[in-house]
Amino acid sequence: MKLSDPRLFRQYAYVDGKWTHGEGGREEPVFNPATGEVLGHIPLLETEQVNAAVDAAEAAFTQWRALRADERCERLLAWYDLLQANREDLATIMTLEQGKPMPDARGEVEYGASFVRWFAEEGKRTFGETIPSHIPNAALGTIKEPVGIAALITPWNFPLAMITRKAAAAMAAGCPVIVKPAHETPFSALALAELAERAGIPAGVFNVVLGEAAEVSKLLCYDDRVKALSFTGSTRVGRLLLEQCANTVKRVSLELGGNAPFIVGPDMDPKEAAYAAVAAKFQTAGQDCLAADRILVHESIHEAFVEHFAERMAALTVGNGLESEIDLGPLIHRQAVEKAAAVVDDAISKGATLVAGDQSQAPGENFFMPVLLTGVTHDMKIWHEESFAPVAGITAYADDDQVIEMANDTEYGLAAYIYTHDIRRIWKIMRALEFGMVAVNSVKMTGPPVPFGGVKHSGLGREGGVTGIDEYLETKYYCLGALGSVSGS
Ligand SMILES: NC(=O)c1ccc[n+]([C@@H]2O[C@H](COP(=O)([O-])OP(=O)(O)OC[C@H]3O[C@@H](n4cnc5c(N)ncnc54)[C@H](O)[C@@H]3O)[C@@H](O)[C@H]2O)c1
Ligand SMILES: N[C@@H](CC=O)C(=O)O
């Protein structure tokens with residue numbers, strides 16, 4: 001692996017400011033999904049070692065919360081600067097472990113770093129309020145305090161940004177964090193730890209624990225000293241963690257699966273809409289919670305839309321993300337390829353038409369060539385499940401009411417897209433959609449200033465924006481009584 005700074009590639013856990021082996025000697029390999037080669041090994045921590053991370057975070061909490069907000073801001077900004085300065089190495093590590101093309105990986109480093117800068121600043125604005133008193137001679141108000149240790153459990157598809165969007169918010173609020181990254185992509189998390197240390201983040205404030213996922217997560221969820229759990233990943237695991245946090249009544253934030261509808265109105269230029277749909281579907285080889293999973297096109301332009309979509313899709317290049325001019329890297333592992341193939345087979349067996357997608361062209365065993373299916377219907381897996389693969393399904397609809405019903409016909413409610421220039425149609429559909437985020441005539445919708453999150457089974461809470469830091473803050477109300485006459489109270 002060619003890195004300008006090889007010390008960014010760490011094969012240890014990071015607890016209390018120290019690089020840590022698994023005491024039981026257990027470890028596991030991490031693979032490059034593009035080549036199948038072993039990229040490195042990570043330790044599997046024992047129970048006592050995970051508990052030690054909580055001990056360390058507990059000890060660090062006292063000092064970290066006692067810093068002034070502007071002091072925490074300075075350290076987070078130093079971390080941000082280091083992320084930017086090491087962007088190329090961080091992107092290389094990400095492409096090697098996750099597979100996404102280098103330009104996308106560079107983009108994710110920028111994106112991930114932008115949350116650090118955002119929350120560094122937001123930490124200085126955790127204002128309380130003054131409450132006009134209804135109690136004689138009293139002053140009432142609120143102050144915001146850090147909730148305590150936060151456990152952050154993250155997925156493999158965005159191995160860096162899904163950590164920084166949580167960690168920077170928590171740390172800016174004064175909370176130490178314990179990160180449990182996905183075992184497929186631990187090295188981005190460990191590089192973040194190396195840079196946090198260089199940025200002067202004190203020992204115990206940013207910890208990375210590695211181990212058997214169910215074991216480690218259970219320890220963190222059951223530990224009463226851990227006050228908040230923030231999870232990004234599948235709805236299946238999110239439900240499990242929510243249950244596990246019930247006993248200790250933790251603050252729980254969940255960013256779960258999506259199954260985004262992409263609605264195209266009859267007034268749209270079919271080429272413009274089809275190109276946008278391709279962009280919304282194939283980012284990260286379809287392994288994106290925002291991927292346009294159900295493309296719903298008005299029947300009057302359906303045929304032209306399909307032609308343009310197929311033509312644009314045919315131009316996508318598939319290969320090792322380290323090579324230049326690659327649009328789609330591999331899927332994360334062989335099971336993901338098998339799941340994608342099963343989704344396609346299921347749809348075809350139930351009447352969908354395979355317009356394009358020849359798997360014999362795949363450049364390796366973890367690669368899946370983009371697939372276009374038309375005539376996708378409610379009874380198919382592709383309608384209800386995230387394919388998390390480059391499989392696009394298109395369906396024609398007749399009118400606005402029908403498309404609203406189709407779009408909402410899912411347990412998920414993360415993001416939706418609408419393409420039309422008719423303002424009344426936009427307003428009607430946007431208001432009727434049961435989704436946390438709606439992008440109108442835009443594929444891009446995310447970034448630090450926006451409240452990211454879903455409704456229904458797509459999650460609880462919001463990340464980013466002005467409210468993202470609230471996930472890590474408690475509101476303390478105070479009533480100062482017997483003050484004598486308090487003017488203006
Ligand atoms: N809403 C969002 O912001 C967002 C962002 C990215 C990904 N996602 C979702 O993440 C999913 C893909 O990621 P994934 O495959 O890594 O998800 P996943 O749920 O399998 O894993 C996520 C994390 O949970 C851990 N985990 C797995 N099984 C566990 C168990 N039994 N107990 C405790 N922890 C366990 C994993 O090791 C990983 O760290 C998709 O559903 C995608 O939509 C959502
Ligand atoms: N693209 C999403 C991550 C979903 O997988 C984001 O921007 O957070």
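Bear in mind the structure is a predicted one, so any value in this text is a computation, not a measurement. Counting starts at 1 for both ligands and their atoms, following the listed order.
Contact annotation: for D288 versus ligand 1, there are no heavy atoms closer than 4.0 Å. With a 4.0 Å cut-off on non-hydrogen atoms, M162 touches ligand 1 through its side chain and not its backbone. Of all the heavy atoms of K218, none lies under 4.0 Å from any atom of ligand 1, so neither backbone nor side chain is involved. Contacts between I332 and ligand 1, counted as non-hydrogen atom pairs separated by less than 4.0 Å, are absent for every part of the residue. Only the side chain of T446 comes within contact range of ligand 2, with a heavy atom under 4.0 Å; no backbone atom does. By the criterion of a heavy-atom distance under 4.0 Å, neither the backbone nor the side chain of Q287 is placed next to ligand 2. Counting heavy atoms closer than 4.0 Å to ligand 2, residue Q283 contributes nothing at all.
Other residues, nucleotides and ligands place more than 12 heavy atoms under 6.0 Å from the CD atom of E338. Within 6.0 Å of NZ in K218 there are 12 or fewer heavy atoms belonging to other residues, nucleotides or ligands. Few gaps surround CZ on R72; more than 12 heavy atoms of other groups in view lie less than 6.0 Å from it.
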Next on the checklist: Could you walk me through whether R225 and D55 satisfy the salt bridge (charged side-chain N to carboxylate O under 4.0 Å, His left out) test, starting with their C-alpha distance in whole Å, then the side-chain angles of each, then the deciding distance to 0.1 Å, before giving a yes or no?
Outcome noted: CA-CA 9 Å; R225 296 171 298 167; D55 296 342; 2.6 Å; yes
Checklist entry - side chain to side chain contact (heavy atoms under 4.5 Å, CB included) between M162 and E255: does it pass, once the steps are laid out? => result CA-CA 10 Å; M162 296 302 98; E255 295 289 347; over 6 Å; no
Item to check | Check against salt bridge (charged side-chain N to carboxylate O under 4.0 Å, His left out), K281 and D293 | outcome: CA-CA 7 Å; K281 174 64 227 183; D293 275 345; 2.9 Å; yes
Checklist entry - Stepwise, does the side chain to side chain contact (heavy atoms under 4.5 Å, CB included) test hold for H183 with L210? => result CA-CA 7 Å; H183 69 97; L210 304 167; over 6 Å; no
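Counting only N and O atoms by type, the side chains of N157 and T284 include no donor and acceptor under 3.5 Å apart. A donor-acceptor contact closer than 3.5 angstrom links the side chains of E97 and S188. Side-chain contact of K18 with T20: a donor-acceptor pair under 3.5 Å is absent, judged by distance alone. For R165 and Y111, the side-chain atoms include at least one donor-acceptor pair closer than 3.5 Å.
Residue contacts with ligand 1 do not include F158, since none of its heavy atoms lies under 4.0 Å from the ligand.
Of all protein heavy atoms, the one closest to atom 41 (O) of ligand 1 is E386 OE1, 2.6 Å. Ranking protein heavy atoms by distance to atom 12 (C) of ligand 1, first place goes to F388 CE2, 3.5 Å. In terms of protein heavy-atom proximity, atom 32 (N) of ligand 1 is closest to A214 CA, 3.6 Å. The shortest contact between atom 7 (O) of ligand 2 and any protein heavy atom is with Y111 OH, 2.6 Å. Nearest to atom 35 (C) of ligand 1 among the protein's heavy atoms is V237 CG1, 3.5 Å. With hydrogens left out, the protein atom closest to atom 14 (P) of ligand 1 is W156 NE1, 3.3 Å, a heavy atom. From the protein, the heavy atom lying nearest to atom 8 (O) of ligand 2 is R165 NH1, 2.9 Å. Protein heavy atom at the shortest distance from atom 39 (O) of ligand 1 is T154 O, 2.7 Å. The closest protein non-hydrogen atom to atom 31 (N) of ligand 1 is L240 CD2, 3.6 Å. For atom 1 (N) of ligand 2, the closest non-hydrogen atom of the protein is D288 OD1, 3.0 Å.
Contact annotation for atom 21 (O) of ligand 1: protein absent (non-hydrogen atoms, distance under 4.0 Å).
Between E121 and K124 a salt bridge is recorded (basic side-chain N to carboxylate O distance below 4.0 Å). Ion pairing between E471 and K166 fails under the 4.0 Å rule for side-chain N and carboxylate O.
At under 3.5 Å, a nitrogen or oxygen of C289, whether backbone or side chain, sits near a nitrogen or oxygen of ligand 2. No N or O atom of T232 sits closer than 3.5 Å to an N or O atom of ligand 1. Backbone and side-chain nitrogen or oxygen atoms of S458 are examined, and none is located within less than 3.5 angstrom of a nitrogen or oxygen of ligand 1. Taking any N or O of K180, backbone or side chain, at least one lies under 3.5 Å from an N or O belonging to ligand 1.
Counting atoms of ligand 1 from 1 in the listed order, those under 4.0 Å from a heavy atom of I153 are 23 (C), 24 (O), 39 (O). Atom numbering of ligand 2 starts at 1 in the shown order; those under 4.0 Å from a heavy atom of M162 are 3 (C), 6 (C), 8 (O). Residue R165 approaches ligand 1 through these ligand atoms, each under 4.0 Å from one of its heavy atoms: 3 (O). Near F231, with a cut-off below 4.0 Å to any heavy atom, the atoms of ligand 1 are 19 (O), 22 (C), 23 (C), 24 (O). Proximity to L241 (heavy-atom distance under 4.0 Å) selects the following atoms of ligand 1: 33 (C). Near F452, the atoms of ligand 1 lying under 4.0 angstrom from a non-hydrogen atom of the residue are 2 (C), 3 (O). Under a 4.0 Å criterion applied to the non-hydrogen atoms of L414, ligand 1 contributes the atoms 1 (N). Of all atoms in ligand 1, numbered sequentially from 1 with element shown, those under 4.0 Å from a heavy atom of S217 are 33 (C), 34 (N). Using a 4.0 Å cut-off to heavy atoms of P181, the atoms of ligand 1 that qualify are 39 (O).
The residue among A213, S234, G238, A182 with a heavy atom at the shortest distance from atom 17 (O) of ligand 1 is S234. The closest heavy-atom contact to atom 6 (C) of ligand 1, among the options N157, T185, L256, comes from N157. For atom 9 (C) of ligand 1, the candidate residues are G233, C289, P155; the nearest heavy-atom contact is made by G233.
With hydrogens and angles ignored, the 3.5 Å screen pairs a side-chain donor or acceptor of R294 with a backbone N or O of M406.
With E411 as the partner, the salt bridge (Lys or Arg N to Asp or Glu O under 4.0 Å) test is satisfied by one option alone out of R239, R236, K456: R239.
When ring centroids are compared, F119 and W79 stay outside the 6.0 Å threshold.
Ring pair F187/F9 is tilted by interplanar angle, where 30° to 60° counts as tilted. Taking the six-membered ring where the residue is Trp, W19 and Y12 present tilted rings, their angle falling between 30° and 60°.
The cationic group of K180 does not satisfy the cation-pi geometry with F231, failing either the under 6.0 Å distance to the six-membered ring centre or the 45° limit from the ring axis.
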